[in-house]
2 protein chains.
Amino acid sequence: MADVTVTAIATRPASPNAEPEHHSAEPTWDIIELLFFAYRDFVSDADEVLAKFGFGRAHHRVLHFVNRHPGMKVADLLDVLKITKQSLGRVLKQLVDQGYVQQKEGANDRRQRLLTVTPKGEQLAMKLAGLQTERIARALAELGPHAHEGARRFLIAMIDSSGRDGVQKLIARADRARRPRS
Amino acid sequence: MADVTVTAIATRPASPNAEPEHHSAEPTWDIIELLFFAYRDFVSDADEVLAKFGFGRAHHRVLHFVNRHPGMKVADLLDVLKITKQSLGRVLKQLVDQGYVQQKEGANDRRQRLLTVTPKGEQLAMKLAGLQTERIARALAELGPHAHEGARRFLIAMIDSSGRDGVQKLIARADRARRPRS
DNA sequence: ACAGTTACGTCAGCCATATTGACATATTTC
DNA sequence: GAAATATGTCAATATGGCTGACGTAACTGT
């Protein structure tokens with residue numbers, strides 16, 4: 001139990017003066033590196049399970065968003081994942097062929113393929129989400145009672161300002177959509 | 001685009017205390033998704049610059065850690081990145097060949113190749129770190145004065161408990177190395 | 001009605017980054 | 001001197017991105 005506590009790394013004020021700030025400020029090393037390590041461990045939980053199914057992270061992302069946002073259009077998914085339709089096509093086809101995701105024609109627009117998870121797909125999606133939730137819950141439990149709200153606000157602030165509203169709407173909409181259960 | 005007019009979705013919930021203890025059946029959807037979006041945007045800053053140099057994220061990670069932890073052994077780098085030496089070898093060779101990273105024999109153990117950045121390498125590493133710092137500083141500035149400490153604690157708590165001490169030591173050691181005073 | 005646009009799919013190929021396994025070389029250690 | 005260690009390398013393979021081109025069905029507007 002080395003007592004190498006993260007000793008006050010003299011955090012600098014964001015803007016001491018209204019100067020053009022020509023890269024004189026010291027980088028925020030700790031957050032940069034912690035983000036790397038935290039995210040690496042965060043995704044690794046699911047990776048192990050996915051490997052047993054012959055899936056990768058790409059499948060996870062698709063399955064996650066389809067499960068969480070049922071009835072999503074393909075275009076929406078492309079927009080959220082920010083990948084090309086060719087890249088999506090490959091993994092989506094596997095998920096559909098193997099019975100994890102279903103496609104059905106849009107009621108208004110029959111060109112659309114609205115995506116939903118099958119029971120089998122939901123089971124896997126929830127298992128993966130459960131693993132990630134375990135880690136998150138464990139982390140938040142170690143911190144104070146306002147940790148969840150604090151983490152949420154930090155993460156939102158890290159998102160491109162241009163995309164923030166969209167993300168928050170997406171999350172809020174999904175929260176309402178999935179409410180009938182529980 | 002979904003034209004759902006969801007105006008002002010609880011950006012700052014009036015009373016998050018409405019949930020005393022989480023019924024852990026429901027996944028922590030918001031943090032799961034926000035981590036995805038936040039990390040995606042976080043790494044995208046550097047990607048654009050790297051592309052101009054013909055480098056990718058793998059090069060960035062190597063350059064970052066060598067810059068931040070000068071004199072690192074190859075084995076240390078493998079341990080930090082958790083990739084195979086073959087994977088590292090490819091990108092490291094490019095960085096060395098193009099004059100961003102230097103290797104020198106270890107003083108005690110001449111089998112070791114201690115890695116350091118060249119001035120050219122440092123310049124690029126600092127540019128990339130600067131971009132990431134901009135985003136982080138902007139985010140932290142939006143939140144309260146304790147945001148930095150809060151974010152740090154959250155991220156540390158998200159790391160595998162088995163690796164936490166190592167990561168914190170790594171960061172603390174680097175801070176001392178790059179800042180001889182203290 | 002027909003032209004144009006949209007939503008989606010697909011073929012073909014390329015690139016970056018990761019993997020496993022085997023083997024080579026120098027150096028240190030016992 | 002044998003064994004272990006630190007590093008490098010060759011070869012094959014997988015994943016998940018990308019661009020470009022093309023196709024088809026369905027919606028939209030004049």
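Worth saying up front: this structure is predicted, and the values here are computed from it rather than measured. Below, each value reflects all heavy atoms present in this structure, side chains not excepted, and no hydrogens, waters or symmetry copies. Letters A, B, ... mirror the listed sequences (proteins, then strands); counts begin at 1.
A donor-acceptor pair is defined here as one N or O able to donate and one able to accept, closer than 3.5 Å; such a pair exists between the side chain of Arg135(B) and the backbone of Met158(A). Listed for the Asp160(B) side chain is no donor-acceptor partner under 3.5 Å among the backbone atoms of Ser162(B). Using a distance-only test at 3.5 Å, with no hydrogens or angles considered, a donor-acceptor pair links the side chain of Thr133(B) to the main chain of Thr28(A). The backbone N or O of Gln98(A) lies less than 3.5 Å from a partner atom in the side chain of Lys120(A), making a donor-acceptor pair. In this structure, Arg164(A) contributes its side chain and Ile156(A) its backbone to a donor-acceptor pair below 3.5 Å.
For the OP1/OP2 pair of dT15(D) and a distance below 4.0 Å, the side-chain nitrogens and oxygens of His59(A) include no atom meeting the criterion.
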Please list, for nucleotides 11-14 of chain D, all pairs of protein and nucleotide N/O atoms separated by less than 3.5 Å.
none

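Residues of residues 99-118 of chain A having a heavy atom closer than 4.0 Å to DNA chain D, listed by number: Asn108(A), Asp109(A), Arg110(A), Arg111(A).
Using modelled atom types and a 3.5 Å distance limit, the side chains of His69(B) and Glu33(A) yield a donor-acceptor pair.
For Lys82(A) and Asp76(B), each mapped to the nucleotide of DNA chain D holding its nearest heavy atom, the one lying further toward the 5' end belongs to Asp76(B). Where Ser87(B) and Val74(A) meet DNA chain C, the nucleotide closest to each residue was compared, and Val74(A) sits on the side nearer the 5' end. Ranked by how close their nearest DNA chain D nucleotide is to the 5' end, Arg90(A) and Lys85(B) are led by Lys85(B).
In this pair, Tyr39(B) and Tyr39(A) present their aromatic rings parallel. The plane angle is below 30°, not in the 30 to 60° band. Between Phe37(B) and Phe65(A), the ring planes are tilted. Angles from 30° to 60° get that label.
The CZ atom of Phe53(A) sits 16 Å away from the P atom of dT15(D) (whole-angstrom rounding). When rounded to the nearest whole Å, the span between CG of Asp97(B) and C1' of dT9(D) equals 14 Å. Nucleotide dT15(D) holds its P atom 19 Å from the CD1 atom of Ile83(B), rounded to whole Å. Rounded to an integer number of Å, the gap from Lys93(A) NZ to dT15(D) P is 16 Å.
Shown here is Gln86(A), whose CD atom has more than 12 heavy atoms of other residues, nucleotides or ligands within 6.0 Å. Counting heavy atoms of neighbouring residues, nucleotides and ligands inside a 6.0 Å radius, atom NZ of Lys127(B) does not exceed 12 of them.
Note on Arg68(B) versus Asp175(B): salt bridge recorded, some NZ/NE/NH1/NH2 to OD/OE distance being below 4.0 Å.
Boundaries of the chain A contact region on DNA chain C are dT6(C) to dC11(C), first to last in 5' to 3' order (nucleotide atom under 4.0 Å from a heavy atom).
As judged by a 4.0 angstrom heavy-atom cut-off over every strand, Gly56(A) is placed among residues touching the sugar-phosphate backbone only.
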